[in-house]
K.L.:
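Can you keep this structure in mind? I'll have questions shortly.
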Amino acid sequence: MDLTAPADTARLDRKAVAAATIAVLLWASAFVGIRTAAAHFGPGPLALGRLAVGSVALLATWAVRREPLPPRAAWPGIAVSGLLWFALYMVALNWGEQKVDAGTAAMVVNLGPVLIALLGGLLLREGFPRQLMIAVAVSFTGAVVVGLSRAGGSSSLLGVLLCLLAALLYAAGVVAQKPALRHAGALQVTAFGCLLGTVACLPFSGQLVSQLAHAPLSATLDLVYLGLFPTALAFSAWAYALSRTTAGRMGATTYAVPALVVLMSWAILGEVPALLSLVGGGLCLTGVALSRRR
């Protein structure tokens, strides 16, 4: 098997780098939003509300831009990523974060980029570039350090298993989305993937209506924020960047999330990070920088 990625997909252009940066920043902010909204919304209703808001924003943008429906060849990837990544991943992550502390969740979910690199190399024939594998190892070590520094005694086996399931769904969804982007644009793939994810979460609609009626305005605004920015904007930016590079390299980029979550929790929630968290965050960012080098 070829050990190097194709030359035309081995690097990102400046617009794609900017798009990947936006996605990572917004996904990091989602951890804070989920943490505050989860006190008033269950895992399923929170996922449905977030996806519904994101679908409205994405489909409105798609209609304004008068883009056509995705071609038939793109629909298998859209359907699989919509079910696995948009729907099941969000429910599993929301549920898992209710059972374990943030550090443990970040550590377990960050198995995702490792799985993306492996699945991308095997299923998408992206190969296993040595520098990418080193970058993944460095960043994963940093994620483990962050997790260990923040882990408490509240973790449960069910919570860890749910976070592991979320990592598997995340990786499978990314690998499924990549082929769809060969046939359709980033907005088309994201909008209809989000719509299918919303449809899959409709069984939670009754709970969502009930919980919206009792939730404070701040929690509802958190849900709207999660739908507009970490969902609609971030997933679109991610798809744009993913269409211009390999799944393995894009997966490695998300290792910046644990470091950013530590900083955002410090700034927004007043959670002062331990020295070990800062060291782990530095390792995460170092690995991301290595994955971006030519």
Side-chain angles (χ1 to χ4, degrees), residues 9 11-34 47 50-51 53-55 57-58 61-62 77-78 81-82 84-87 89-90 93 105-106 109-117 120 132 135-136 139 142-143 166-167 169-178 180-181 184-194 197 224-264 281 284-285 287-292:
T9 60
R11 59 180 180 177
L12 289 168
D13 57 43
R14 291 182 179 179
K15 291 183 179 180
V17 169
T21 302
I22 290 172
V24 168
L25 287 170
L26 291 176
W27 281 340
S29 74
F31 279 85
V32 177
I34 291 172
R50 176 179 175 179
L51 289 169
V53 172
S55 292
L58 287 165
T61 305
W62 171 76
I78 292 174
S81 64
L84 297 185
W85 195 11
F86 284 89
Y89 163 79
M90 289 192 184
L93 180 61
V109 171
N110 269 282
L111 286 170
V114 177
L115 298 173
I116 291 173
L132 176 59
V136 167
S139 286
L169 293 168
Y170 158 47
V174 170
V175 173
Q177 188 185 67
K178 176 64 175 177
L181 291 166
L187 178 59
Q188 293 171 311
V189 171
T190 306
F192 288 95
C194 190
V224 172
Y225 171 81
L226 289 169
L228 290 177
F229 296 98
T231 302
L233 181 54
F235 275 83
S236 298
W238 168 275
Y240 177 86
L242 180 61
S243 67
R244 286 159 172 76
T245 187
T246 65
R249 286 170 62 83
M250 278 300 292
T253 301
T254 63
Y255 270 121
V257 170
L260 294 172
V261 170
V262 170
L263 296 177
M264 289 182 181
C284 289
L285 297 177
V288 172
L290 288 173
S291 73
R292 298 272 67 84

K.L.:
Minimum heavy-atom separation for Leu181 to Ala239, with atom names?
P.N.:
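Nearest heavy atoms, Leu181 then Ala239: CD1-O, 3.5 Å.
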K.L.:
Would you name the heavy atoms of Ala47 and Met90 that are closest together and state the gap between them?
P.N.:
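The answer is CB-CB, 3.9 Å.
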K.L.:
Could you tell me which non-hydrogen atom of Leu51 sits nearest to which non-hydrogen atom of Cys194, and how far apart they are?
P.N.:
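Where Leu51 meets Cys194 most closely, the heavy atoms are O-SG, 3.5 Å.
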K.L.:
Do side-chain atoms of Ser81 reach the backbone of Ile78 as a donor and acceptor pair under 3.5 angstrom?
P.N.:
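Yes; at least one donor-acceptor contact below 3.5 Å.
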K.L.:
Do Leu242 and Val174 come within less than 4.5 Å of each other through their side chains, counting heavy atoms only?
P.N.:
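Counting from C-beta outward, Leu242 and Val174 do come under 4.5 Å.
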K.L.:
Kindly assign one of parallel, tilted or perpendicular to the pair Trp27 and Trp238, based on the angle between their ring planes and the thresholds 30° and 60°.
P.N.:
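Because their plane-to-plane angle lies in the 30° to 60° range, the rings of Trp27 and Trp238 count as tilted.
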K.L.:
Within the supplied structure, the quantity of interest is the number of heavy atoms (other residues, nucleotides, ligands) at a distance under 6.0 Å from Tyr225 OH; does it exceed 12?
P.N.:
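Yes, because the 6.0 Å sphere around OH of Tyr225 holds more than 12 heavy atoms from other groups.
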K.L.:
Would you say the side chain of Val53 lies within less than 4.5 Å of the side chain of Leu226, judging by non-hydrogen atoms?
P.N.:
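SC-SC contact between Leu226 and Val53 ruled out.
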K.L.:
Nearest heavy-atom pair of Ala234 and Leu26: which atoms, and what distance?
P.N.:
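Heavy-atom minimum between the residues: CB-CB, 3.8 Å.
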K.L.:
Quick check: do Leu233 and Leu228 have side-chain heavy atoms less than 4.5 Å from each other?
P.N.:
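The answer is no, as the side chains (C-beta and beyond) never meet within the 4.5 Å cut-off.
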K.L.:
Before giving the answer on side-chain contact (heavy atoms from CB on, under 4.5 Å), spell out for Val175 and Trp85 the whole-Å C-alpha distance, their side-chain angles and the decisive distance to 0.1 Å.
P.N.:
CA-CA 10 Å; Val175 173; Trp85 195 11; over 6 Å; no
K.L.:
Might you point out which heavy atoms bring Leu58 and Ser236 nearest each other, and give the distance in Å?
P.N.:
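Smallest heavy-atom distance, with atoms named: CD2-OG, 3.2 Å.
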K.L.:
For the residue pair Pro230 and Ala30, what are the closest heavy atoms and their distance?
P.N.:
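So the two residues come closest at CB-CB, 3.7 Å.
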